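For clarity, every value in this text was computed on a predicted model and none was experimentally measured.
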Amino acid sequence: MQYKANSPEDYINQVPKERQIALKKLRETINKNLPKGFEEGIQYGMIGYYVPHEIYPDGDHCNTKEPLPFMSFASQKNSVNLYHMGLYAVSEIHDWFVNEYPKHSSRKLDMGKSCIRFKKVDDIPYELIAALCKKITVKNWIEIYETNIKK
């Protein structure tokens with residue numbers, strides 16, 4: 001589902017009431033644990049965390065007007081989805097996450113290349129997400145992006 005939001009607060013206020021508490025907690029978890037330098041805002045219709053143009057002027061190679069994306073989350077029709085580009089770009093982080101997930105949830109991991117889908121919002125593993133947030137700094141992300149993703 002696409003929400004027309006101007007801020008993270010506006011986005012959360014538009015989602016169904018039964019998801020708002022989980023999204024607020026997810027946002028709080030990310031904001032407390034993401035390394036300094038990433039900014040929060042609305043990006044690509046989701047609550048996003050990105051490297052601002054002041055730090056990385058080139059922006060996203062797909063749309064240079066957008067800052068370099070790193071992490072985001074969204075309320076979709078059947079799930080809350082968390083997107084983390086490090087899971088896609090760094091196999092060690094992907095493997096770490098896949099191995100750690102069963103220690104934090106009894107549910108089967110529902111994951112794409114960079115997307116983790118949580119169909120039950122009461123089963124979001126906030127502690128694991130907090131640890132994931134700490135894995136890559138802004139400087140690391142720019143290096144990874146320039147080496148592996150930007151063509």
Test side-chain hydrogen bond (donor to acceptor under 3.5 Å, both in side chains) applied to Asn13 - qualifying residues, sequence neighbours left out: none
Suppose we screen for side-chain contact (heavy atoms from CB on, under 4.5 Å). Which residues come up paired with Ala131, at least two apart in sequence or across chains? Trp96
For Lys108, which residues count as a salt bridge (charged side-chain N to carboxylate O under 4.0 Å, His left out) partner, sequence neighbours excluded? none
Qualifying residues under salt bridge (charged side-chain N to carboxylate O under 4.0 Å, His left out), relative to Arg117, sequence neighbours excluded: Asp110
Mind jotting down which residue pairs meet the ring pair (Phe, Tyr, Trp, His ring centres under 6.0 Å) criterion with at least one end in residues 26-52? Sequence neighbours excluded, please. Phe38-Phe70
With sequence neighbours excluded, give me every side chain to side chain donor-acceptor pair (under 3.5 Å) pair touching residues 78-90. Ser79-Asn81, Asn81-Tyr83
For Tyr101, side-chain hydrogen bond (donor to acceptor under 3.5 Å, both in side chains) partners two or more places apart: Ser105
Flag side-chain contact, heavy atom, 4.5 Å: Met71 against Trp141: no
So, using salt bridge (charged side-chain N to carboxylate O under 4.0 Å, His left out) as the criterion, who are the partners of Glu127 when residues are at least two apart? none
For Ala74 and Met46, which heavy atoms make the closest approach, and how far apart are they? CB-CG, 3.5 Å
Any residue meeting salt bridge (charged side-chain N to carboxylate O under 4.0 Å, His left out) with Glu39, in chain and number order, not counting sequence neighbours: none
Which pairs count as salt bridge (charged side-chain N to carboxylate O under 4.0 Å, His left out) when at least one residue sits in residues 78-107, sequence neighbours excluded? Glu100-Lys103, Arg107-Asp123
Heavy atoms, side chains only, cut-off 4.5 Å: are Met111 and Phe97 in contact? yes
Sequence neighbours excluded, the answer for side-chain hydrogen bond (donor to acceptor under 3.5 Å, both in side chains) partners of Lys113 is none
Not counting sequence neighbours, list each pair that qualifies as a salt bridge (charged side-chain N to carboxylate O under 4.0 Å, His left out) and has a residue in residues 2-23. Glu9-Arg27
